[in-house]
S.K.: 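Pasting a structure below so you can have a look.
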Amino acid sequence: MSASAESMVSPVRFYRPDYHIKTPEMRSPDYVQMSTAAAITLGLVPGTMHRTACTHCLNLLVTYPEGCRANCSYCGLARHREEARDYADRNFIRVDWPTARYDDVIERVKNNADKGQFERMCISMITHPNSDHDTVVLLEKWVKAVPHIPVSILSNPTTMSYEDLKNLRDKGADIFTVALDAVTPEIFERTRGKTVDSPHRWDKYWQAIEWAAEIFGPEKFGAHLICGMGETEQEILAVCQKIRDMGGHNHMFAFFPEQGSLMEDWNPVPRDQWRRVQLARFIIDYAGGRIDDMKFNEQGQVVDFGLDEKELNDLISSGKPFQTSGCPGKSDEEVSACNRPYGDSSPTDILSFPFALNGKDVEFVRRQMAGEKVGTFDHDADN
């Protein structure tokens with residue numbers, strides 16, 4: 001007995017978040033979500049991005065109707081939002097994440113829909129019983145179909161074992177990262193631990209970082225850190241130094257209150273604080289500097305970066321410290337392929353630059369470091 005044409009439902013091929021309709025059933029590994037920037041780069045969503053043609057990293061996110069079972073207070077994907085918005089409709093790092101069939105995504109990349117601009121792909125895990133298994137499935141399919149584009153894993157340590165990390169490495173993962181985010185045990189507990197009814201634990205996350213250092217090796221692992229959740233500059237930079245001493249790199253994010261999150265009323269990170277941390281992080285990761293050579297005031301703010309004046313000025317003038325930090329691209333290990341356009345700010349006040357800075361951009365950054373309340377957009381240029 002065959003089903004009638006009326007009763008047959010065609011599988012969803014591409015879904016843009018729409019709060020006015022019932023969200024279709026979509027789950028990994030058949031489906032993945034992707035950043036809006038990635039969808040634009042693949043030609044799935046019309047649009048352009050200010051001063052950058054594309055994102056150089058295809059950021060993918062495992063997806064399930066049940067959503068993420070964690071409840072991190074700063075995250076748009078947090079469990080508490082399930083009463084107000086279906087998982088596939090939730091904003092994450094300021095933007096919507098459309099959903100597509102994974103096989104279609106692979107075919108588009110194979111057919112050069114990105115015009116050769118993707119230098120890396122990243123699979124982001126969530127806290128879900130199937131996330132570990134499905135991440136391996138996604139990885140294996142990608143490595144077989146698109147071997148020339150390396151894969152990063154943004155992990156979920158809460159559900160992972162030592163053997164899970166080894167398996168991902170053996171299946172072809174190039175870089176393994178841990179979204180530590182909060183840089184002190186107290187802030188971690190307040191924002192993503194028992195305090196907010198979330199399953200993550202500080203010790204478990206650091207265990208995963210230690211495993212990654214052993215299994216993936218130097219330059220092949222890293223940690224995500226969020227600046228502006230109540231820590232001092234000295235505290236976040238101490239974590240940067242620890243990660244670097246282990247052989248890893250630090251991927252820095254500016255705190256920006258995510259609409260709908262428990263911290264949506266929290267203030268964004270002050271601009272001067274953010275610029276100092278960006279610069280010091282770059283010095284630690286790429287310029288051979290150390291936190292031991294830096295000086296801090298009583299508030300834990302950087303007052304001396306440990307470089308001579310010319311070296312520091314040249315580094316600031318290069319603009320590199322203020323570009324988005326993340327997994328490296330092909331042409332320059334100091335510049336991230338994962339440029340995440342406007343993931344932590346708007347184009348009128350850029351916190352993480354998704355493109356190389358010009359002289360005018362650097363001057364705005366210098367003014368911000370000096371404490372001026374200015375954005376990074378030259379409003380006078382249009383006059």
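The structure presented is a predicted model; accordingly, all values stated were derived computationally and were not measured.
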S.K.: Could you walk me through whether Tyr162 and Glu214 pass side chain to side chain contact (heavy atoms under 4.5 Å, CB included), step by step?
M.R.: CA-CA 10 Å; Tyr162 182 88; Glu214 176 185 341; 2.6 Å; yes
S.K.: Using the rule that two of Ile, Leu, Val, Met, Phe, Trp, Tyr join whenever any of their side-chain heavy atoms come within less than 4.5 Å, decide whether Leu154 and Met125 are in one cluster.
M.R.: no
S.K.: Counting only heavy atoms not in Glu309, do more than 12 sit closer than 6.0 Å to its CD atom?
M.R.: no
S.K.: As an exercise, state the distance from OG1 of Thr55 to CG of Asp114, rounded to the nearest 0.5 Å.
M.R.: 10.5 Å
S.K.: Let me see the working for Trp274 and Gln278 under side-chain hydrogen bond (donor to acceptor under 3.5 Å, both in side chains), right down to the final yes or no.
M.R.: CA-CA 6 Å; Trp274 172 238; Gln278 277 185 303; 3.3 Å; yes
S.K.: Which label fits Tyr342 and His50: parallel for a plane angle under 30°, tilted from 30 to 60°, or perpendicular past 60°?
M.R.: tilted
S.K.: Do Ser261 side-chain atoms and Cys75 backbone N/O form a donor-acceptor pair below 3.5 Å?
M.R.: no
S.K.: How far apart are the C-alpha atoms of His251 and Ser325, what are their side-chain angles, what is the distance that settles it, and do they pass the side-chain hydrogen bond (donor to acceptor under 3.5 Å, both in side chains) test?
M.R.: CA-CA 5 Å; His251 305 169; Ser325 55; over 6 Å; no
S.K.: If you take the centroid of each ring, where Trp contributes its six-membered ring, are Phe216 and Phe176 closer together than 6.0 Å?
M.R.: yes
S.K.: Please assess Asn339 against Thr324 for the test side-chain hydrogen bond (donor to acceptor under 3.5 Å, both in side chains), listing each intermediate value before the final yes or no.
M.R.: CA-CA 5 Å; Asn339 53 343; Thr324 308; over 6 Å; no
S.K.: Please walk me through it: do Arg281 and Asp285 pass salt bridge (Lys or Arg N to Asp or Glu O under 4.0 Å)?
M.R.: CA-CA 6 Å; Arg281 189 280 315 180; Asp285 272 6; 3.3 Å; yes
S.K.: Is it true that the NZ or CZ of Lys166 lies under 6.0 Å from the centre of Trp211's six-membered ring and within 45 degrees of the ring axis?
M.R.: no
S.K.: State whether the side chain of Asn111 and the backbone N or O of Glu107 hold a donor-acceptor pair below 3.5 Å, judged by distance alone.
M.R.: yes
S.K.: Cut-off 3.5 Å, side chains only: do Asn156 and Thr159 have a donor facing an acceptor?
M.R.: yes
S.K.: Is the Tyr286-His249 ring centre distance short of 6.0 angstrom?
M.R.: yes
S.K.: Should the pair Glu189-Arg201 be classified as a salt bridge under the 4.0 Å nitrogen-to-oxygen rule?
M.R.: no
S.K.: Distance under 6.0 Å and angle within 45° of the ring axis: does Arg101 meet both against Tyr31?
M.R.: yes
S.K.: Taking the six-membered ring of Phe253 as reference, does the cationic atom of Arg340 (NZ for Lys, CZ for Arg) lie under 6.0 Å from its centre and within 45° of its axis?
M.R.: yes
S.K.: Would you call the rings of Phe188 and Trp202 parallel, tilted or perpendicular, where under 30° means parallel and over 60° means perpendicular?
M.R.: perpendicular
